Amino acid sequence: MALQMTEKEEGSASDIILETRNIVKRFGGVVALAGVSIKIPRRWIVLLIGPNGSGKTTLVNVITGFLKPEEGKVIYEGRDITGVEPHIITRMGIVRTFQIPKPFINLTVLENLLAAYPPGPHENPYKAVSKRSWVKTEEEAVEKAFDILKALGMERAWDQKASELSGAELKLLEVGRALMSGAKLMILDEPAAGVNPTKAHEIFSVIRKLREERGITFLIIEHRIDIASQYVDYTYALHLGRLISQGPPQKVLNDKAVIESYIGG
Amino acid sequence: MMANFAVLAEQILSFIGIYYIVSIGLNLKAGHMGIPDFGHAMFFAMGGIVVGNIVAHIAAAVAAKSVPGVTVAGVIASNTKTLSIMNTKFFPYHPLLDIGLVIFALVLSLILGGILGWIASLPALRLRGEFLAILLLTVAEGLRVIFTYTKSLMGSTPTVGLSTPALFSWTHNSGLAATIFTIIVALIVYVYVERLHNSPAGRLFRAARDDEDAAKALGKNVVTIRRDAMIIGSALAGLAGAVYALNPFLGGGSVAAVSIFNRVWWTFWPWALIILGGMASNRGTGLATIIVGVSLIWPVRLYSFKVAQVLHASALGINPDQFANALEYAFIGLIILIVQAVLPRGIIPEYPSRTLPFEKYARGKVLPPKPKEE
Amino acid sequence: MNFETLMAPLYYASILSLLSVGITLSYMTTKVFNFAHVRYATVAAYFAAATMLSLVVHYHITLNSSVRTLGGMRYILPLPGWIYAVGFIVASIVGGLVSILLYYAVLKPLERRGLSPLALMISTLGFDFLLVAFLFIFMSEKPIINLAAKASSLIGAVNFASLGLDFADEYIYIGNSMIRGSVLGALILAVVVTIVLTFLTRKTKLGVMMRSSIENPNLALVLGINVDRVFAIAWFIAGLIAGMAGFLMLFGTSFLKFISPTSPYNSIVVSVFAGAIVGGIFNVEGSIGGGFLIGLIEKLFVPWLAAVMNAPGLIKYNKVFSMFAVALTLLFIPEGLASIRFRRFRRKTTGGEI
Ligand SMILES: Nc1ncnc2c1ncn2[C@@H]1O[C@H](COP(=O)(O)OP(=O)(O)OP(=O)(O)O)[C@@H](O)[C@H]1O
Ligand SMILES: [Mg+2]
C-alpha cells in the first residue's frame, strides 16, 4: 500500500521511509549524537554532511543496529527498529556500506558480490550438496553480479581477490555489494571517497538511475559535497552531534552555520 | 615380505583416510569459518564412544539371545571377555547385522559429534580468537576427565578402555576391508566438503569469517553461520572417531579415553595438517595428509623400532622408543613452524568457491567474446 | 583436616601460580598464549637434574642425611645445600633462556611476517613440540643415562623408570609437625615472586617501561623505549619463574607426577591456563592468585566436597571444576577475577568524570 502511494506522489515528503527521533549516543564522555532527528522520504536521495567527527557514521551505526542509542528511536516504515540486530534490519530492507571498506578479503570480487545476494534457503549448508537447492538463485545472482560489475566498470577485475584491489576499487566493491542486496533503503558511508572525479560522477549517476528505475531511497554521507550536491534532493548537516542545517543542497551549503562548522573544524 | 608390504600399505592408507576426515572437519571450522577449535579431539571422541559403547551394547542385546556368555551388562562389567566372545562367535557370522551396525555407527557418530558441536558453538558466539581456543581446549580436557573416570562410559580401567566390536570380521581379510572402508568414507567426505565449498553456503562461511560486520550488514545471520560450521565440522570429527574405532589398524581393537581424547593426535596433528595444506583448502588438506602419511611420520610411528634401529647412531646411545617419539614431535613442530614462516597459506592456498562456470557468464556478460585464434 | 593433608594442595597451588603468572606475563606483553611455557619447567628440571647429578658423581657425594637446626626448626638435607643452590640457579637460567629463544627465534620473526596472534599461538605449540623432541632425545642419550645410573647408585634417590625424575625431598620439623621442603620452597617462592613482581611492575623503571609498552607500543617507541627488549625481558622473567617451578617439581613428584618429557605437562597445562585466565590474563598478581585458586579448588575444595557429599569418586573429576571456572570467567568476566576489584577501584577514582 505504502508503495503505491509513493508511486503516485513521487517526490512528496509525506511518505517517510525512515525517521530518527532524538537519537542520543555517547562514548564514555564523548557525546557523538546529541538528539538527532532526521526524516528520509521514500525515493529521495538524501545527503548527510558534516566535518570529521561530527557523528555521521555513528548515526548510520545507530540506524542499522550496529550501535544501540542511549535515547531516541529509529522508525522504519512505521515500525520501531531501535536496537534490532543488524542483520534483521538489513532483511527489512536497509543496507549500509562502511566508510572504511570491509571486503571479504580472501574472496574474489565476484564472490564478494555473490555473497551479498539477499540471504535465503539457497545458503542452507545442510542442503548445499544438492545443487538443485541453490542453482536457480545462484544463476540469478551471477547475472546480477556481472550487471553491477559492468555498471561500476569493474568487470575486468571480477576474478581478482579483494586483497589485490586498490582503495578506490574497494570503495566500489562496497557499493556493489550494497546494490546486490536489493535493499529499499541504501545508506552509503562516503561511497566516493578516494575515487577519481569521473568515477565519482559515475557512481552518483548509478545511484540516480537506481532511484528512477527501482525506486530505491538513498542516505549518502559524502565529504565531496561539490559532486554529491548535484545529485541529491535534500541535505542534512551535522556538527558536534547536532543537526545544524537542513534543506535543499544549495540552501544548506550556503548556510553560515554549516560553513563555519567546516572552517572551525 | 610382500605380505608385510601390503600390511604397511594398508596401515598407511588407513592413517591417511582417518587423518583426512578428522583434519577436514577442523579445516571447516578453523579454515573456512575461522573458529580456532583447540578442542577438536572431543568431537572425535564421540565417534569412539559410539562404536566402543553404544554399538557394543546394541550388538550384545542381539547376541545375548543366541551366544552363551554374552549379556548386555557384560559390555561394561566384563568388557574384554564379552567383546572377545562376540568378536569370535557372533560378528563373523552375521554380516548383515555388522553392515547395519557400521552404518548405524557412522550416522550416530555424525549426530553425536554434531550435537556436541552445537553445544560448543554456544560459547563460540560470545568469544573470539585465542580466548575461544583456550576455552575449547579446557572444555575438551574437562570432558576427557569425565569420560576417563566414568565407568559406564569408558569401562572400569581408564588406560584399557573398551574393546571394540570387530564389525569387519565377516570378511576374508578384515584389515583390508577396514582399510577400503576407511578410504571410501574419506573419499565421500572429500566429495562432500568440496561440494559444500562450491556452494553458496560454503562461500558464506568464508565471507563471514573474513568480515563479520560486513556479513551482518548484508543481512547474514553470523550466529547461525558459525553454529552450522561448528556442527558440520564437529560431526565430521565424530565420523572420523567412529571410523577410527572400527578400523583395527587405527584403534587396535579398543578405544580408551587416552587415545580418543588425545590432544596431540586429534587436535594438534590436524592443526599441523591444515596449516601445511592451507587453511580453508580441502584439496590442500588432502595433499598434506598424503605427503605426511606416505613420506615419513606414519611409517615411523608404525615401525618405530626398525626406523630407530636403522637411524640410531649407537654411539649416541639413543633409546629407540624415545627416538620414535621424538621424531613424531619434532615433525609436527617443524611442520608448524616452517610452514608458518615460509608458506603461511599452505601448499594449496585457499581457492574460490566455484558454484557455476563463471568464465562462461563473464564471456557472455562483460568481457568481449573470445578473440579468434590468429 | 590436619597439617599433612594440606601439603599436596599447597604445593600444587604454588606450582600452578608460579606457572600461571608466566602465561599472563607473556600474554600481556605480546598477546600470545604460550603453549611452550609449562614445558620450560620440564626442560629446566632436566637440566637442573643433570647438573646436580653430575655434581653428585663428581664429588662422590653419598646420601648422608644430615640433620641441622636453625632456631627451633630442625631440617634434614638429603644432599648438601650448595648442590640444591646450583640446581636452582641452573633451572632458572635455563627456563629464562628457553623463553628468550622462543621469543627471538620464533615469535619475533613470525610476527614480522604479519602472523595473527592466533597463528603465533600455534607457533608456540610448534616450538613446544620441538622442546619435547629435544627432551626425548637428550634424555635418552647414553651419557645421561649412565650419569643418572651412577648418581642413583650413590644417592639412590633418582627414579629412573622411563626416564622419570624423582628427587628425594627434604623434611623440616617445626616442633612436632613436619613440612616438606618442596612445599615450603614452593610457598616461599610464590610469595617472593608475587612481592618481587609487584615491586618490579609498580616501582621500577623497567615496570614503567613495560606498562607503557603494553598500553601503547607505538607511543612507547616514540618515547625511545625499546619495546622489543622490554617484552623480551618480560618473557625472560616468565621463563625464569617457570624454571624455578621446574626445579621444585623435581622434589614434589609424589604430589604431582614424576618428570618426563610429557609429564607433568600433560596433566597440568590446562590448569595453568585456567589459573591465568581465572585470575586475570591482564593482571600479574591476579594470575598468581588465580593459579593458587585453581590449585586449591582441584586439590582441596573438591576432596572436601567429595568428603562432605560422601562421594569419593568425585575427587577424580577435579579438573572439571577448573573447566567450569574457565568457562564462567571467559564468558562473564573475561578479564578475570582481578578485574572486578580493578573496575570498582577505577570507578571510584574517575567517578567524577562521567
Ligand atoms: N566506537 C567508538 N568509541 C568511541 N568513540 C567513538 C566511537 N565511534 C565514534 N566515536 C567518536 O564519536 C564521534 C563521532 O564519530 P563519527 O565516526 O560518527 O564521525 P563522522 O562524522 O563519521 O566523521 P568522519 O567524517 O571522520 O567519518 C567522534 O568524536 C569519534 O571519536
Ligand atoms: Mg564517518
Side-chain angles (χ1 to χ4, degrees), chain A residues 64-66 85-92 95-98 101-108 110-112 114-120 122-131 133-135 137-139 141-143 145-147 149-150 154-156 158-159 161-162 174 177-178 180-181 183, chain B residues 28 31-34 114 191-225 227-229 231-232 235 279-280 345 349-368:
Chain A
T64 51
F66 281 87
E85 284 194 63
H87 70 274
I88 298 189
I89 291 180
T90 306
R91 288 176 189 196
M92 291 172 165
V95 73
R96 58 89 51 98
T97 67
F98 294 91
K102 284 177 170 285
F104 303 128
I105 197 86
N106 292 302
L107 274 58
T108 63
L110 180 65
E111 282 186 296
N112 264 274
L114 294 176
Y117 204 63
H122 65 289
E123 285 173 343
N124 182 340
Y126 302 103
K127 292 189 188 153
V129 266
S130 132
K131 196 166 175 177
S133 72
W134 50 261
V135 73
T137 324
E138 185 73 0
E139 279 167 354
V142 174
E143 296 272 343
F146 276 114
D147 285 341
L149 284 176
K150 203 169 182 181
M154 283 185 78
E155 63 268 34
R156 288 188 179 277
W158 70 273
D159 205 21
K161 274 192 146 195
E174 277 286 310
R177 283 197 313 203
M180 274 306 277
S181 74
Chain B
L28 193 68
H32 293 256
M33 191 66 248
V191 172
Y192 169 74
V193 291
E194 272 297 271
R195 290 191 79 145
L196 180 60
H197 171 76
N198 290 317
S199 78
R203 179 176 60 219
L204 192 56
F205 286 150
R206 294 163 54 236
R209 168 204 65 194
D210 278 0
D211 203 301
E212 278 185 34
D213 281 344
K216 283 184 200 162
L218 294 166
K220 316 294 178 178
N221 188 345
V222 178
V223 171
T224 58
I225 298 170
R227 183 199 64 197
D228 292 342
I231 291 177
I232 298 174
M279 299 293 269
R345 302 176 59 83
E350 179 176 346
Y351 41 92
S353 302
R354 257 180 69 92
T355 53
L356 297 170
F358 295 138
E359 293 81 8
K360 229 177 76 196
Y361 287 83
R363 292 251 160 255
K365 295 277 306 184
V366 295
L367 299 181

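Side chains included, hydrogens not; waters and symmetry mates left out as well; all remaining heavy atoms used. Predicted, not measured: the structure shown is a model, and the values here were computed from it. Proteins come first, then strands; the chains are lettered A, B, ... in the order of their sequence lines, and each starts at number 1.
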Asn124(A) portion near chain B, given a 4.5 angstrom heavy-atom threshold: backbone
Atom pair CD1 (Ile105(A)) and CG (Asp210(B)), whose distance is rounded to the nearest 0.5 Å: 7.0 Å
Interface moiety of Thr64(A) toward chain B, non-hydrogen atoms closer than 4.5 Å: neither
Which portion of Phe66(A) sits near chain B, non-hydrogen atoms under 4.5 angstrom: side chain
Check ion pair Lys216(B)-Glu85(A) (N to O, under 4.0 angstrom): no
Closest contact, heavy atoms only, Glu138(A) versus Arg203(B): OE2-NH1, 2.8 Å
Most chain A-contacting option - heavy-atom pairs closer than 4.5 Å, from Leu356(B), Ile231(B), Leu204(B), Val191(B): Leu356(B)
Minimum-distance pair of heavy atoms, taken over all atoms of Thr90(A) and Leu218(B): CG2-C, 3.5 Å
Atom of Phe98(A), atom of Ala214(B) and distance for their closest heavy-atom approach: CE1-CA, 3.8 Å
Student check: side-chain heavy atoms of Pro125(A) and Ile232(B) closer than 4.5 Å: yes
Per-residue contact mode, Lys161(A) against chain B (heavy atom under 4.5 angstrom): side chain
Residue selection (most heavy-atom pairs with chain A, distance under 4.5 Å) from Glu350(B), Arg354(B), Glu194(B): Glu350(B)
Most chain A-contacting option - heavy-atom pairs closer than 4.5 Å, from Asn198(B), Leu196(B), Thr224(B), Thr355(B): Thr355(B)
Under 4.5 Å from any heavy atom of chain B - which part of Leu110(A): side chain
Which atom of Lys220(B) lies closest to which atom of Glu123(A), heavy atoms considered: NZ-OE2, 2.7 Å
Backbone of Phe104(A) reached by a side-chain donor or acceptor of Asp211(B) within 3.5 Å: no
Side-chain heavy atoms of Tyr361(B) within contact of Glu139(A), under 4.5 Å: yes
Minimum heavy-atom distance between Trp134(A) and Pro200(B), given as atom pair plus value: CD2-CD, 3.3 Å
Which atoms of Pro101(A) approach chain B - backbone, side chain, both or neither, heavy atom under 4.5 Å: neither
Residues Glu111(A) and Arg206(B) bridged, charged N to O under 4.0 Å: yes
Partner chain B: residue of Pro103(A), Ala162(A), Ala115(A) with the largest heavy-atom pair count (under 4.5 Å): Ala115(A)
Among the listed options Ser199(B), Gly202(B), Ala207(B), the residue most often paired with chain A at heavy-atom distances under 4.5 Å: Ala207(B)
Leu114(A) and Phe358(B): CA distance, side-chain angles, deciding distance, side chain to side chain contact (heavy atoms under 4.5 Å, CB included) verdict: CA-CA 11 Å; Leu114(A) 294 176; Phe358(B) 295 138; 3.8 Å; yes
